[in-house]
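Working notes for the structure below.
Note that these values count all heavy atoms, side chains included, but never hydrogens, waters or copies made by symmetry.
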Amino acid sequence: MSQEDTLERLQGLVQQSLSRWDIPADTSARLINISENATYLVEAPGGFRSILRVHRENYHSREAIASELAWSQALGHEGGVETPDYFLGRDGSAIQTVTAAGLPTPRHMVMFAFVEGHEPDPDHDLVAPFGQLGQIAARAHLHSSSWQRPAGFQRMTWDESTVFGPSPTWGNWRDGPNIDAQIAGQLERLEALIVRRLARFGKGADRYGLIHADMRLANLLVHHDKPRLIDFDDCGFGWFLYDFATGVSFMEDHPQVPALKQSWVEGYRKVRDLSAAEEAEIDTFVMMRRMALLAWIGSHREVEIARELAPVYAGGTAILAESYFSTHG
C-alpha cells in the first residue's frame, strides 16, 4: 500500500473513532506530523483542541504504551516535570484499539491534551532553553531512579545492542542512504570506538535507567520562554546522557551545539550530580545517536525529514567522526 493510500485510510479511521472519547460531536481531525506515528490535531468550532496519536503498527504493544503513560503521569505528578495529560475513552481506557477496512492490522490510539507552544528553531539562540532542558532531564532521571515501576512494565532499550547489534531497532546504519566505501570504512571504525567506550563507561545505576530518549526540538514546545517536554513514545532504558544526544538530533553539526552542551550540563548540575567523567563522554552518545538516526533515515524513507536529510547525512556523519576521533580515539 502506498503512503498516500495508508494516510487516506488512517484519516478515515481517525474520523470514525473520535466518538470513542467524550469530546464535542462536531470535532474534526487534521494530520500534522508523521514519523514513527501519525499525529493529528483534533479541533471543534467552540475552541476544543487535542492531539491524537495513531501508533505505528508493530512498534509498541498495548502494554508498552500503557507503561509509557504510567511513567509520564507519575513524572508529572511526582517528579517536577510537566508532562502532557491524556483523555480516557468512554470505556475508561486511555488506549483505544481500532480496526478499519483497508488497514492490515488494528491501530492503537491515544488522545492527549493540547499543549500551547512552538517548536524551537535550530537557527535561533537555544542556549537558555537548553539550560532549562538540562534541568528537566535531571529531574526525569532522579524520578526514574527511584520510581517503583508497576507490574508488567514494558519499554524498549536504547543501548549499543539496539543500535549496533544484530537486530537494531531502527535498522542497520549500513543500509542508510549514500554510504560509499570510504564513508563505510569511517563509520565501521566509529562504531567500534563507540562500543569500546560504552563498555568501559558501564551501565551503573547512577548513569543508566529509564529515560525520555527523544528530547529533540520537535518534542519541545516553548511557551512564554519556558520549554515543555512532550511525546514519551520512545521512552525506555538507556544511558542518562543519551537524553542530551537526542536533544541535538539532526543538528549535531550545528555551530551552536558546543554552547548548547555547556548550557545543558550547567542546568543538569543544578538538579543532579554529573561527574567530569560523564561530561567527557557526552560526545560518544551524540555519535551513537547520530548513527542510530542514519539507520532511521534509511528505514523511514517515506518520512519528510528522512527524505530531506538522505543526500547529506552519511557524509556529515563521517565528517563528525573525524572530529570525534581526534578527541576520543
Exercise for the section: Given side chain to side chain donor-acceptor pair (under 3.5 Å), test Asp225 with Gln132 step by step and report yes or no. Expected result: CA-CA 10 Å; Asp225 295 325; Gln132 295 173 299; over 6 Å; no

Practice task
Output, in order, the C-alpha distance, side-chain angles, deciding distance and verdict of side-chain contact (heavy atoms from CB on, under 4.5 Å) for Val195 and Glu191.
Solution key: CA-CA 6 Å; Val195 170; Glu191 175 186 319; 4.3 Å; yes

Problem - Residue pair Glu278, Phe240: steps toward the side-chain contact (heavy atoms from CB on, under 4.5 Å) verdict - result: CA-CA 10 Å; Glu278 289 171 293; Phe240 294 141; 5.8 Å; no

Exercise for the section: Apply side chain to side chain donor-acceptor pair (under 3.5 Å) to Trp170 and His300, showing your working. Expected result: CA-CA 9 Å; Trp170 284 341; His300 291 69; 5.2 Å; no

Practice task
Evaluate side-chain contact (heavy atoms from CB on, under 4.5 Å) for Trp173 paired with Phe164, printing each intermediate quantity in order.
Solution key: CA-CA 8 Å; Trp173 62 261; Phe164 302 122; 4.1 Å; yes

Practice task
I would like to know whether Leu260 and His254 meet side-chain contact (heavy atoms from CB on, under 4.5 Å); could you show each step before the answer?
Solution key: CA-CA 10 Å; Leu260 300 185; His254 196 285; over 6 Å; no

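Side-chain contact between Arg53 and His55: present, with at least one pair of heavy atoms (C-beta onward) separated by less than 4.5 Å. Residues Glu188 and Arg174 are in side-chain contact: their nearest non-hydrogen atoms beyond the backbone lie under 4.5 Å apart. Counting only heavy atoms from C-beta outward, the side chains of Glu36 and Asp233 approach each other to under 4.5 Å. Between Val163 and Pro168, every side-chain heavy-atom pair lies at or beyond the 4.5 Å cut-off. Side-chain contact between Leu241 and Arg207 is absent, with no heavy-atom pair separated by less than 4.5 Å. Val248 has its side chain within reach of Met251: a pair of non-hydrogen atoms, C-beta onward, lies under 4.5 Å apart. By the 4.5 Å heavy-atom criterion applied to side chains, His212 and Ile136 are not counted as neighbours. Leu193 places none of its side-chain heavy atoms less than 4.5 Å from the side chain of Met287.
To the nearest 0.5 angstrom, Gln154 atom CD is 12.5 Å from Arg149 atom CZ. Between Glu82 atom CD and Leu75 atom CG the span is 11.0 Å, to the nearest 0.5 Å. Taken to the nearest 0.5 Å, the CD atom of Gln186 stands 5.5 Å off from the CZ atom of Phe325. Of the inter-residue distances, the one linking Leu210 atom CG with Thr157 atom OG1 reads 10.0 Å to the nearest 0.5 angstrom. Going from atom CG of Asp125 over to atom CZ of Phe130 covers 11.5 Å, rounded to the nearest 0.5 Å. Taken from CG in Leu52 to OG1 in Thr39, the straight-line distance is 8.5 Å, to the nearest 0.5 Å.
Side chains of Asp159 and Ser161: a donor-acceptor N/O pair is present below 3.5 angstrom, by distance only. With no hydrogens or angles considered, no side-chain donor-acceptor pair links Arg155 and Ser67 at under 3.5 Å. A donor-acceptor pair shorter than 3.5 Å can be found between the side chains of Gln262 and Glu266. In this structure, a donor-acceptor pair under 3.5 Å is absent between the side chains of Thr284 and Arg200.
No donor-acceptor distance shorter than 3.5 angstrom exists from the side chain of His60 to the backbone of Ala66, with no hydrogens or angles considered. Remark: the backbone N or O of Tyr313 is paired with a side-chain donor or acceptor of Thr317 at under 3.5 angstrom. Side chain of His328 to backbone of Glu281: no donor-acceptor contact under 3.5 angstrom is found. Here the side chain of Thr83 pairs a donor or acceptor atom with the backbone of Ser72 at under 3.5 angstrom. One N or O on the side chain of Trp239 and one on the backbone of Gly202 form a donor-acceptor pair closer than 3.5 Å. Remark: the backbone N or O of Val286 is not paired with any side-chain donor or acceptor of Asp283 at under 3.5 angstrom. A donor-acceptor pair under 3.5 Å is formed between the side chain of Gln15 and the backbone N or O of Thr27. The main-chain N or O of Val98 is never found under 3.5 Å from a side-chain atom of Arg20 such that the two would form a donor-acceptor pair. Remark: the backbone N or O of Ser323 is paired with a side-chain donor or acceptor of Ser326 at under 3.5 angstrom. In this structure, Ser249 contributes its side chain and Thr246 its backbone to a donor-acceptor pair below 3.5 Å.
Of all heavy-atom pairs between Val271 and Ala138, the closest is CB-CB, 3.6 Å. Between Trp296 and Ala306, the shortest heavy-atom distance links the atoms CZ3-CB, 3.9 Å. Of all non-hydrogen atoms in Asp231 and Pro84, the two that sit nearest each other are N-CG, 4.4 Å. Pairing each heavy atom of Ile297 with each of Pro177, the nearest pair is CG2-CG, 3.8 Å. Nearest heavy atom pair, residue Ala94 against residue Leu69, reads CB-CD1, 3.8 Å. Scanning all heavy atoms of the two residues, the minimum distance from Pro129 to Leu126 falls at CD-O, 3.2 Å.
Ionic pairing of Lys261 and Glu279 is not present here: no N-O contact between side-chain nitrogen and carboxylate oxygen is shorter than 4.0 angstrom. Between Arg49 and Glu116, at least one side-chain N (NZ, or NE/NH1/NH2) sits under 4.0 Å from a carboxylate O, which counts as a salt bridge.
Both Met288 and Leu320 are part of a single hydrophobic cluster, where members link through side-chain heavy atoms under 4.5 Å apart. Both Phe232 and Leu217 sit in one connected hydrophobic cluster of ILVMFWY residues. Membership requires side-chain heavy atoms under 4.5 Å apart, directly or through other members. No single ILVMFWY cluster, assembled from side-chain heavy atoms under 4.5 Å apart, contains both Met215 and Leu221. A continuous path of ILVMFWY side-chain contacts below 4.5 Å connects Leu229 to Trp158, so both sit in one hydrophobic cluster. Hydrophobic clustering keeps Val222 apart from Phe112 (ILVMFWY residues linked when any side-chain heavy atoms are closer than 4.5 Å, directly or through intermediates).
Considering only residues two or more places apart in sequence or on other chains, Asp214 meets the side chain to side chain donor-acceptor pair (under 3.5 Å) condition with Arg216, Asn219, Arg289.
The side-chain contact (heavy atoms from CB on, under 4.5 Å) with Tyr40 is formed by just one residue from the set Ile32, Ile51, Leu10; it is Leu10. Only one option out of Tyr324, Phe201, Tyr242 pairs with Phe285 in a ring pair (Phe, Tyr, Trp, His ring centres under 6.0 Å); it is Phe201.
Atom CD of Glu304 has 12 or fewer heavy atoms from other residues, nucleotides or ligands within 6.0 Å. Within 6.0 Å of CG in Asp121 there are more than 12 heavy atoms belonging to other residues, nucleotides or ligands. Atom CD of Glu8 is surrounded by 12 or fewer heavy atoms from other residues, nucleotides or ligands within 6.0 Å.
Taking the centre of each ring, Trp264 and Phe244 come in below the 6.0 Å mark.
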